[in-house]
Amino acid sequence: MLSHSCLKSLLFLMSTWGLCSSHSSPRPLRFSAFLDPTQQIHLRWDHDSKELMTFELEVQSTGWVAFGFTTHGQLPGGDVVIGGVLPDGNMYFSDWHIVDEHTIVEDESQDYKLLSMNQDETSTTITFQRYFQTCDAHDQPITGDTLRVISGFGPDDTIDFFKGKLIHKSLFLMLYLNENQLNTPKEYYVYDLKLDDFPIPEDDTTYACTFIPFPRVKTKHHIYKFEAVITPRNETMVHHILVYACGNASVLPAGVSDCYGADPDFALCSQIVVGWAVGGGVYMFPNETGISIGTPRDAQWIRLEVHYSNFNYISGLIDNSGIRLYYTPELRPYDMGVLQTGLFTFPIHFLPPGVEAFNSYGLCNSSRFEELNGTPVPDLHIFGYLLHTHLAGRGVRGVHYRDGKQLRILCEDNKYDFNLQETRGLKEVVTFKAGDEFLVECRYQTLDRTSLTFGGPSTLNEMCLAFLFYYPRNNISSCMGYPNIQFVAHELGQPAADAMEGMMAINLVEWDNNTAKKAEKACKEADQIVILKTIDEVVVNETGFIRDIIEHEPAPCKAIFGNGLSAEPEGQARYQPAVTSRALNAKAILPSPALLVIYLGFTSLLTFSLCPLKVSQAQTRNRRKHQQPSGWTGGLSLPSMQQ
Ligand SMILES: *[C@@H]1O[C@H](CO)[C@@H](O)[C@H](O)[C@H]1NC(C)=O
Ligand SMILES: *[C@@H]1O[C@H](CO)[C@@H](O)[C@H](O)[C@H]1NC(C)=O
Ligand SMILES: *[C@@H]1O[C@H](CO)[C@@H](O)[C@H](O)[C@H]1NC(C)=O
Ligand SMILES: *[C@@H]1O[C@H](CO)[C@@H](O)[C@H](O)[C@H]1NC(C)=O
Ligand SMILES: *[C@@H]1O[C@H](CO)[C@@H](O)[C@H](O)[C@H]1NC(C)=O
Ligand SMILES: *[C@@H]1O[C@H](CO)[C@@H](O)[C@H](O)[C@H]1NC(C)=O
Ligand SMILES: *[C@@H]1O[C@H](CO)[C@@H](O)[C@H](O)[C@H]1NC(C)=O
């Protein structure tokens, strides 16, 4: 039996004095989230211009605690750091990777640096750092994608990882501003957009929609902040909430209904103004802007969409969740606008079944912006975005071009999670000029499907959208493209006389990975028809073609113990093979006899058969030199044992 074979218990024993250094990060960590629904695991984090991420993990446990990243939420390939405080006050902390469902192995290259560790009667708090991109293939890069975080803990210091309480969560770490860095007005009002005693259906997925007026105000005000108000409950029922602004022309239905069900009116109003998802916090607009209410040009109603997941079919739950908005008469310089870009949502957008990856493209060619706006269009200052696909979506990118040249990949999420749709801020405000182009690429996976998926509003259909948040607002609400379907049908050997026949012809194709590749290529090479709409639903069209996307240079990797953390010039860190330093330092970190006694006492507790002790890890320079530490005073590793 090899149940937790290779449970390699690596223990870094350290004395507490080593940790109380002035080295720990001087400013408070700006961002935080609970990682589990019962709020036992709390994470704070922050990052800096050196691409160094600092974490503080606080867990309601006095046993081992773990934190890390996985590729798709599955254990194999996971990258975790595990630490804890032994009953005698000694500590352990180390970087591991998960090989399979039963095996976890300590990394040769240690890329997490411990800053501090504290334990009281009930909880353990560990502060540590790592670079976004380490040089170890066993570590997952930290990117601006939706990361799949894994965290966990055990009842004591026997690191039985797979028997611990393990929590998976999607989390976005590349936040740039928190509330305290933004302007809070002196005079403000609060208003809730929420459901009223809604009985949560005994169903795994429910999208409840209702129409609610914005606050009625006699003079112009700005909405400057949103936060979720979730009915307190010990399980996550509310998965995400979206707020869509309605045009003044729509006749809206009353009551609450399925957003994408029998009554299509409950899918009216398509302009997302804010998105919140489980784990998301407050969203506050930049100082320069807010959503205008109280003037004739403003939206008066919104559609509130609340996504419930009642996977345990619990009955009798009544919910009043929604979004709280904050508004103020202290006007900011600009009104905010939202530009909807991507692929026009209708059945010319199709996805072949059974494919690992299929890309769709929608272009915004803004060359007719001025004509449509009625007056010259001031430059759009884009400060945030929200990406949107349905369940088959795996990645979305938005690419900005000017005069035929790619300026930047403006926004992207290569690990898109339908359940984590949230408003995200750009690192810097980007200027989009009338005449620029914006291309949205969506990547889908349809391995679970046996028939074609078409563009449409229902969750079984697909979308490919990027909402761009900008100021000052103009009259244009959407700019979306779709491929010439006749061309696509022709390329797939199904000649069609017009667009309608082209759409029908897609059904005649025999789908396999080859035809899917052909279709993807044809959809990219086809001319695009670009549809532009104003907030008053005036429509014009334009044409365009899909340009190539120039990929990023991969970020250079950095080794945290490479050349000494703080002294390191930016971008110059070089990978130092851990093995080398391990050999070099082997002598220096042999434990004192006293430590060894503690250690052996502890390991017998673990009921491990002792294999020869092996010295490990390189973080000992400080000790050798008796300098102020990065926390390490010594280390030992216990090779794996098999039961
Ligand atoms: C926003 O305004 C506040 C108050 O004036 C100021 O303290 C803060 O630095 C500003 N934030 C940004 C990001 O400009
Ligand atoms: C959750 O709440 C229900 C009733 O509100 C209670 O019966 C149950 O024990 C709670 N579960 C946890 C894990 O707190
Ligand atoms: C509503 O939209 C129409 C154009 O469709 C416009 O003429 C009218 O002024 C708008 N009314 C309000 C109250 O916004
Ligand atoms: C939007 O349209 C109105 C009416 O056509 C016009 O007065 C206004 O200048 C336009 N442009 C902007 C940026 O609001
Ligand atoms: C396409 O290839 C994948 C393996 O990459 C396979 O799982 C899938 O079934 C294939 N799809 C079709 C439609 O043949
Ligand atoms: C685009 O607009 C032109 C002129 O308004 C119209 O004739 C044409 O049918 C439109 N094309 C599409 C695909 O909507
Ligand atoms: C956008 O439209 C303009 C005017 O029709 C055209 O010259 C330009 O090539 C278009 N851009 C793209 C990417 O097709």
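As the structure lists them, so they are numbered: ligands from 1, and atoms in each ligand from 1.
The six-membered or imidazole ring of Phe383 lies away from that of Tyr385, with a centre-to-centre distance of 6.0 Å or more. A ring-centre distance under 6.0 Å is not found for Tyr482 and His349.
Regarding atom 7 (O) of ligand 5, its nearest protein heavy-atom neighbour is Leu447 CD2, 3.9 Å. Protein heavy atom nearest atom 9 (O) of ligand 7, with residue, atom name and distance: Phe545 CE2, 4.2 Å. With respect to atom 11 (N) of ligand 7, the closest heavy atom belonging to the protein is Asn365 ND2, 2.9 Å. Protein heavy atom in closest approach to atom 8 (C) of ligand 1: Gln181 O, 3.5 Å. Ranking protein heavy atoms by distance to atom 2 (O) of ligand 5, first place goes to Asn513 ND2, 2.2 Å. The protein atom (non-hydrogen) at minimum distance from atom 14 (O) of ligand 7 is Gly544 CA, 2.8 Å.
Geometric assessment of Arg394 against the ring of Tyr444 yields a negative cation-pi assignment under the 6.0 Å and 45° thresholds.
Classified by interplanar angle (parallel below 30°, tilted 30° to 60°, perpendicular above 60°), the ring pair His381/Tyr471 is parallel.
Contacts between Gln528 and ligand 7, counted as non-hydrogen atom pairs separated by less than 4.0 Å, are absent for every part of the residue. Under 4.0 angstrom from ligand 1, the non-hydrogen atoms of Asn287 all belong to its side chain.
There is no protein heavy atom closer than 4.0 angstrom to atom 5 (O) of ligand 5.
Enclosure of atom OH in Tyr188 is not indicated, since only 12 or fewer non-hydrogen atoms of other residues, nucleotides or ligands lie within 6.0 angstrom.
A 4.5 Å side-chain heavy-atom check between Ile323 and Trp276 finds at least one atom pair inside the cut-off.
Listed by atom number, the atoms of ligand 5 under 4.0 Å from Asp512 heavy atoms are 13 (C). Atoms of ligand 7 lying under 4.0 Å from at least one heavy atom of Thr543, given by number and element, are 1 (C), 2 (O), 10 (C).
Ionic pairing of Lys524 and Glu520 is not present here: no N-O contact between side-chain nitrogen and carboxylate oxygen is shorter than 4.0 angstrom.
Here's the thing with Gly354: one of its N/O atoms is less than 3.5 angstrom from an N/O atom of ligand 5. Ligand 7 has a nitrogen or oxygen under 3.5 angstrom from a nitrogen or oxygen of Glu437.
Here the options are His42, Glu58, Lys169, the test is side chain to side chain contact (heavy atoms under 4.5 Å, CB included), and the partner is Phe34; only His42 passes.
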Stepwise ring-ring contact (aromatic ring centres under 6.0 Å, His included) check, Phe454 with Phe350: CA-CA 4 Å; Phe454 291 101; Phe350 68 89; 7.1 Å; no
